[in-house]
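A short write-up of the structure that comes next.
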Amino acid sequence: KATVVSILLPLADEMKSGALPTSTLLLVAAVVAVVLLQSVVHAGELSASLRAKLPAELLDYRPPTCPCVRYTTWSDLTDEQKKSALNLGYNRNSWDHHRQSYNGLEDLYWPALSPEQQSNAAA
């Protein structure tokens, strides 16, 4: 519980100041909740009856590993990555200063992206 608060409170402050979209805070809160639930499940601290009510996808969920390309500076991107970023509506400034520049694509789930956007995002 204290860990969750220590993670979410600073993010809530950033959201209030406008530096962080509400959707990002909600996503972080959801991921934290899933991770905490999984730790309880895997530690055997969840009753069998409650465990039986949870979907298998939740019990078996593992967060994807982040390639962290999104947080690589523009100057460190390959030419192919820069081209893909440009195709997704980024430029050097919006890429390097993601907190000051908003790209709505970052709020979308993968299936909501067009095949072309998925191809560029995967690069």
Side-chain angles (χ1 to χ4, degrees):
K1 185 176 177 182
T3 302
V4 173
V5 171
S6 69
I7 293 170
L8 296 180
L9 278 181
L11 294 175
D13 290 340
E14 286 195 36
M15 183 193 71
K16 287 177 191 174
S17 72
L20 186 71
T22 304
S23 58
T24 302
L25 177 63
L26 293 175
L27 177 62
V28 170
V31 169
V32 168
V34 167
V35 169
L36 287 174
L37 179 59
Q38 284 182 324
S39 67
V40 169
V41 168
H42 293 294
E45 298 171 9
L46 193 63
S47 70
S49 62
L50 183 55
R51 186 182 173 100
K53 293 177 185 177
L54 296 172
E57 296 84 21
L58 180 62
L59 297 174
D60 297 331
Y61 175 80
R62 298 288 181 266
T65 57
C66 173
C68 297
V69 171
R70 177 60 189 96
Y71 302 104
T72 301
T73 60
W74 184 268
S75 60
D76 290 332
L77 294 177
T78 65
D79 288 341
E80 179 185 353
Q81 290 168 330
K82 289 176 186 176
K83 182 179 177 185
S84 293
L86 288 167
N87 289 338
L88 291 170
Y90 294 97
N91 58 41
R92 174 185 290 272
N93 186 57
S94 62
W95 185 266
D96 284 345
H97 305 285
H98 62 279
R99 289 186 177 206
Q100 288 106 18
S101 301
Y102 175 74
N103 185 328
L105 289 176
E106 293 190 35
D107 289 335
L108 298 177
Y109 289 102
W110 187 259
L113 299 175
S114 71
E116 181 182 354
Q117 289 170 323
Q118 288 181 1
S119 176
N120 283 303

Checklist line | Minimum heavy-atom distance A85-W74, with the two atoms named | finding: CB-CZ3, 3.7 Å
Note to self: Show me the pairs that pass salt bridge (charged side-chain N to carboxylate O under 4.0 Å, His left out) and involve residues 110-123, at least two apart or across chains.
What the structure shows: none
Notebook entry, point to check: Which pair of non-hydrogen atoms, one from A123 and one from E80, has the smallest distance, and what is that distance?
Noted result: CB-OE2, 4.0 Å
Item checked: Which atom of T72 lies closest to which atom of D96, heavy atoms considered -> O-OD1, 4.4 Å
Next item on the list: Report the distance from atom CG of L113 to atom CG of L108, rounding to the nearest 0.5 Å.
Entry: 5.5 Å
Notebook entry, point to check: For atom CG of D79, is the number of surrounding heavy atoms from other residues, nucleotides or ligands below 6.0 Å larger than 12?
Noted result: no
Next item on the list: Mind listing the closest non-hydrogen atom pair of L105 and Q117 along with its distance?
Entry: CD2-NE2, 3.2 Å
Next item on the list: Consider only side-chain N and O atoms of S94 and N91, and report whether a donor and an acceptor are under 3.5 Å apart.
Entry: yes
Margin query: Applying salt bridge (charged side-chain N to carboxylate O under 4.0 Å, His left out) as the test, list every pair that has at least one member in residues 101-115; sequence neighbours left out.
Written below: R70-E106
